[in-house]
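First the structure, then my questions, so here it is.
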Amino acid sequence: MKRVAVQAGDFEVAAELAALEALGGGGVASFTGVVRGGGGLVALELEHYPAMTQAQVDRICDEAMTRWPLLGLSVIHRFGRLEPGARIVFVGTASRHRTAALESCAFLIDWLKSEAPFWKKEHFANGATGWVDARVEDEVKAKGWG
Amino acid sequence: MKRVAVQAGDFEVAAELAALEALGGGGVASFTGVVRGGGGLVALELEHYPAMTQAQVDRICDEAMTRWPLLGLSVIHRFGRLEPGARIVFVGTASRHRTAALESCAFLIDWLKSEAPFWKKEHFANGATGWVDARVEDEVKAKGWG
Amino acid sequence: MVALTIVYFAWVRERIGLDEEQVARPEMGATVADLMAALAARGGGYAEALGDATRLRAALDQRFVALDTVIGDARELALFPPVTGG
Amino acid sequence: MVALTIVYFAWVRERIGLDEEQVARPEMGATVADLMAALAARGGGYAEALGDATRLRAALDQRFVALDTVIGDARELALFPPVTGG
């Protein structure tokens, strides 16, 4: 099972996890990224490269499936305007081996951060806006997977 | 937020994750262990040491909270008779840093495997039963956290 | 001094045929391993369950301890195989 | 040969003021960096957006490429800052 979705709308984490649990693998790992508030942030705007995004996320998932013995994975990435508390991204993996499930989950989120064509713009209460800078440590982390 | 439950009944993963997401941390990681079928297994029976279990799991959680900057965690471990497909254990962590959420989740499940007083007995369709042997690699993994 | 409660789990419990029992408190300085050896000397299920210390783990008053730990004034000793939770 | 489509994202798009445009296909052997320099030479928003190549990344036909990659017969070039998804 490989499920990849790039969408504006929210999603049900429970449904994704239930599908992964049903694969009978023994272990399901997940990571959910949520818009962090504070500092007067009113919204995060996620721009992406529609012609590329789905194929690129798909490629990252295929890479994870060749590296770890996974029974299934599910990756959902949202775009558009998201307010604090909203989910941005979900990664779920199922495997017979808990280490494979957890490591591939970490790999996928690291790779999404540095290899998926999304850009975040912050909107603040005072009207200011700013594009989020890529963090060097994210690129280092993704490269760390070799 | 620290939630520890040792219980016979099932639980709602969605509710646990929602509580962790609501902490506003940015990242929520989880691991769910499910009874693996196959080989004629009809049930797994989980015995535990009631006077010790809750306190010991609590201690493992405190250890995770001193090692990583967590906003919250939730650990649920079931006991009693569980059929293939049933959830056994859930670990959820929330942090501002995705690495902290994912690593502490891996730490908690590794430690639960080697430091929580549970024992698994397998029941097979032909009436045979057998206690699951501890795996050396699990002890090595838990020790790997130092 | 009060008796010592011993609780057994998993196949240790099954082989001995008891969840729990009270025993006379061992002499001062006795370790968990010493008591295990004394129990194993009873033969039968005790020998089967406790004969090979390398396969066993212990807790004193609900804390994991090494088998060479002195029992002292602990109230409860638990004997069991390595844990397999998670 | 058909024109080359260039698509812009994030602050590159904002500074140039365009989502996408068609340009004459650069001469054979030209790299992404060569084209970026030519576009920056237009001045204004182009210079602001594309003047510092170290801050930019590119994709040719929806595949990430290094800036010294030859454009060749690619149909679509994307120029953008380092990605910040996840």
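Every chain is numbered from 1, with letters handed out A, B, ... down the list of sequences. What you see is a predicted model, and the numbers here were worked out from it, not measured in a lab.
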| task | Look at the aromatic rings of Phe118(A) and His77(A) and report parallel, tilted or perpendicular, splitting at 30° and 60°. | result | parallel
| request: Sort Arg87(A) into side chain, backbone, both or neither according to what part of it lies under 4.5 angstrom from a heavy atom of chain B. | output: side chain
| field | Region of Val13(A) in contact with chain B, defined by heavy-atom distances below 4.5 Å | value | side chain
| request: Could you check which of Ala106(A), Gly26(A), Ala18(A) has the highest count of heavy-atom pairs closer than 4.5 Å to chain B? | output: Gly26(A)
| said: Out of Pro84(A), Ser30(A), Gly38(A), return the one with the most heavy atom pairs under 4.5 angstrom to chain B. | reply: Ser30(A)
| note | Interface check, chain B: of Ala14(A), Gly24(A), Ala101(A), Ala29(A), most non-hydrogen pairs under 4.5 Å belong to Ala29(A)
| task | Consider only side-chain N and O atoms of Glu103(B) and Trp68(B), and report whether a donor and an acceptor are under 3.5 Å apart. | result | yes
| Flag, side chain of Arg81(B) to backbone of Leu44(B), donor-acceptor distance under 3.5 Å | no
| query | Do Glu63(B) and Arg67(B) sit within salt-bridge range, that is, some charged N less than 4.0 Å from a carboxylate O? | reply | yes
| Could you give the distance from NZ (Lys141(A)) to CZ (Arg98(B)), rounded to the nearest 0.5 Å? | 4.5 Å
| request: Sort out for me which of Leu102(B), Ile109(B), Val34(B) touches chain A most, counting heavy-atom pairs under 4.5 Å. | output: Val34(B)
